[in-house]
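The chains referred to below are lettered A, B, ... by the order of the sequence lines, with proteins before strands, and numbering in each begins at 1. What you see below is based on every heavy atom in this structure, not just the backbone, and it leaves out hydrogens, waters and symmetry mates. From a predicted model like this one, the values you see are computed outputs, not experimental measurements.
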Protein chains: 2
Amino acid sequence: MQPARRITLTDDVYAAVQALIMDHEVQPGARINIDALARRLAVSPTPVREALARLESDGLVSKTPLVGYTATPLLTRAQFEELVEMRLILEPTAAAKAAGAGLDAGELAGLRADADLPGPEGADAIAAFTAQDARFHHTLAGLSGNRMLHDAVVRLRAHLHLFRLHFPAAHYGVSAREHHRIVDAVTSGDPDAAAAAMRDHLTAARDRHLPFFESR
Amino acid sequence: MQPARRITLTDDVYAAVQALIMDHEVQPGARINIDALARRLAVSPTPVREALARLESDGLVSKTPLVGYTATPLLTRAQFEELVEMRLILEPTAAAKAAGAGLDAGELAGLRADADLPGPEGADAIAAFTAQDARFHHTLAGLSGNRMLHDAVVRLRAHLHLFRLHFPAAHYGVSAREHHRIVDAVTSGDPDAAAAAMRDHLTAARDRHLPFFESR
DNA sequence: CGATCAAAGATCCTATAGGATTTGCCACCG
DNA sequence: CGGTGGCAAATCCTATAGGATCTTTGATCG
């Protein structure tokens with residue numbers, strides 16, 4: 001068993017800054033002051049600097065030499081289209097591979113549990129919905145059996161999560177139903193059906209989110 | 001015009017450590033001593049630590065808390081299969097998109113120039129071949145027009161480059177011919193043909209590299 | 001009145017030092 | 001002779017301080 005106390009400050013700082021950006025406590029495009037951030041988290045600038053370097057590779061912050069770090073701006077319409085295209089490349093294949101992997105009952109049960117989405121109640125309904133949606137896609141990619149594919153999907157989710165919090169409301173029931181259709185195809189071991197279900201889900205989600213960009 | 005002098009040490013250290021690992025000056029799986037590395041590069045540990053954090057996101061080193069960094073071990077057979085599968089997901093799509101992008105003459109000329117591969121002469125023939133091969137795939141992915149797709153392809157190349165240096169000899173002429181077949185398809189604006197040419201190239205390259213794992 | 005230049009403030013970048021933890025080695029015991 | 005416990009060295013991790021650079025503010029000149 002592992003001790004509960006923290007091991008490295010860098011990991012904590014990394015998670016803290018990630019949460020700060022995800023929750024928009026630091027506005028997209030805003031400058032990030034290293035010293036101020038270190039004081040706020042009650043640590044020295046060194047681990048902060050290290051965490052920011054990792055976050056830069058994740059695409060959540062960008063660095064300008066001798067100027068400082070800035071939070072990545074929100075996705076533009078073009079970047080959103082790229083993101084959807086990228087998901088359409090990766091995730092249907094991941095779903096197909098999961099369907100053909102011969103998963104055991106436990107894995108299928110876990111996936112089915114992740115497919116359910118929280119309802120529109122509660123204070124942080126959008127955040128909760130987004131997190132659970134991410135968890136489902138994340139889990140499914142992991143069940144593909146290809147670690148690199150899994151990592152690529154996870155890397156994309158960060159961007160999506162970031163910009164999604166600005167949506168007023170998601171179509172909770174519809175998304176959950178689409179998720180379960182994917183799970184059914186995976187359970188029955190039909191790769192083509194799983195890929196098709198995922199494709200439909202992604203394009204439908206794309207159409208649901210698109211009106212957001214009209215109002216900007 | 002930009003001054004020639006270095007701006008940030010971290011970027012230089014990042015490139016230096018990357019070269020060290022690529023050229024196997026640090027053996028795969030070997031521990032990386034931060035202090036020793038800092039002395040060797042004549043800098044302080046702080047920028048070294050920052051560069052290593054970025055390299056960890058790239059997958060070239062892995063960190064164990066309170067123990068240190070280690071160079072990523074060579075690819076196993078299973079990881080190699082995953083890598084090929086990942087390339088087969090990404091790169092044929094990238095080629096198809098480049099073929100349908102309506103590239104101008106200059107872009108096509110640049111791509112065609114990158115398709116040529118250096119011959120088996122010279123001291124670092126393998127390294128030169130690998131670098132040029134990477135440049136071709138890199139350029140093609142960039143011409144797809146999707147920046148995220150481009151980044152994903154580039155991220156994969158690092159692993160490939162790393163493990164490829166252990167191959168005794170590559171099939172120089174064959175690879176170059178396959179490259180040119182891809183360029184031809186892209187030039188004629190045929191997405192399906194471009195994707196097929198890329199698929200054939202990747203599977204052929206896979207078969208050429210596979211004997212390596214038998215002898216381990 | 002607008003633009004340019006200079007100086008002050010803030011910030012980043014790098015270096016050095018000390019505390020905490022792990023690892024390797026050696027003696028000791030069963 | 002093999003296994004266990006403890007000690008010392010090496011290493012990582014964090015904090016603090018100083019030099020270099022950029023941004024901003026204010027004043028001066030055209």
Side-chain angles (χ1 to χ4, degrees), chain A residues 1-21 25-73, chain B residues 1-21 25-73:
Chain A
M1 115 180 70
Q2 54 190 355
R5 52 186 294 269
R6 52 175 54 102
I7 300 297
T8 53
L9 279 184
T10 300
D11 292 342
D12 293 344
V13 173
Y14 175 84
V17 176
Q18 189 175 23
L20 253 53
I21 296 178
E25 285 195 40
V26 290
Q27 290 294 326
R31 298 267 301 264
I32 297 178
N33 187 316
I34 293 181
D35 290 340
L37 189 59
R39 281 195 301 274
R40 177 172 177 177
L41 298 175
V43 296
S44 79
T46 306
V48 172
R49 172 174 293 276
E50 199 169 337
L52 286 173
R54 286 173 53 187
L55 286 165
E56 189 191 15
S57 285
D58 294 348
L60 282 179
V61 303
S62 69
K63 171 186 168 185
T64 308
L66 299 179
V67 172
Y69 286 91
T70 59
T72 298
Chain B
M1 116 179 71
Q2 54 190 355
R5 49 187 294 268
R6 54 175 53 103
I7 299 296
T8 53
L9 279 184
T10 300
D11 292 342
D12 294 343
V13 173
Y14 176 83
V17 176
Q18 189 175 23
L20 253 53
I21 296 177
E25 285 194 39
V26 291
Q27 290 293 327
R31 299 265 302 263
I32 296 178
N33 188 316
I34 293 181
D35 292 338
L37 190 59
R39 281 194 303 273
R40 178 172 176 177
L41 298 176
V43 296
S44 79
T46 306
V48 172
R49 173 173 291 277
E50 200 169 337
L52 286 174
R54 284 173 54 186
L55 286 165
E56 191 192 13
S57 284
D58 294 348
L60 282 179
V61 302
S62 70
K63 172 187 169 184
T64 309
L66 299 179
V67 172
Y69 287 92
T70 59
T72 298

Rounded off to whole Å, could you give me the [atom1]-to-[atom2] distance for the [X] and [N] pair?
X        : N       : atom1 : atom2 : answer
Glu50(B) : dC12(C) : CD    : P     : 12 Å
Leu37(A) : dC13(C) : CG    : P     : 14 Å
Ile32(A) : dT11(C) : CD1   : P     : 14 Å
Leu52(A) : dC13(C) : CG    : P     : 10 Å
Leu9(A)  : dT16(D) : CG    : P     : 12 Å
Leu66(A) : dC13(C) : CG    : P     : 6 Å
Ile34(A) : dA20(D) : CD1   : P     : 19 Å
Asp35(A) : dA15(D) : CG    : C1'   : 13 Å

query = Counting N and O atoms only, with roles assigned by atom type, does the side chain of Thr72(A) sit under 3.5 Å from a partner on the main chain of Gly59(A), one being a donor and the other an acceptor?
reply = yes
query: Would a distance-only check, ignoring hydrogens and angles, find a side-chain to backbone donor-acceptor pair under 3.5 Å from Asp58(A) to Leu60(A)?
result: no
In short, Pro73(A) meets Pro28(A) closest at the heavy-atom pair CA-CB, 4.0 Å
Are [X] and [N] close enough that a side-chain N or O sits under 4.0 Å from OP1 or OP2?
X        : N       : value
Asn33(B) : dC12(D) : yes
Ser44(B) : dT14(C) : no
Arg49(A) : dC13(C) : yes
Thr46(B) : dA15(D) : no

Ranking Val67(A) and Arg31(B) by the position along DNA chain D of their nearest nucleotide, the one closer to 5' is Arg31(B)
Working note: Leu37(B) + Leu20(B), criterion side chain to side chain contact (heavy atoms under 4.5 Å, CB included); need CA distance, chi angles, decisive distance, verdict. CA-CA 11 Å; Leu37(B) 190 59; Leu20(B) 253 53; 4.0 Å; yes
Comparing Ala36(A) with Pro47(B), nearest DNA chain C nucleotide closer to 5' gives the residue Ala36(A)
Residues Glu50(A) and Arg54(B) bridged, charged N to O under 4.0 Å:
no
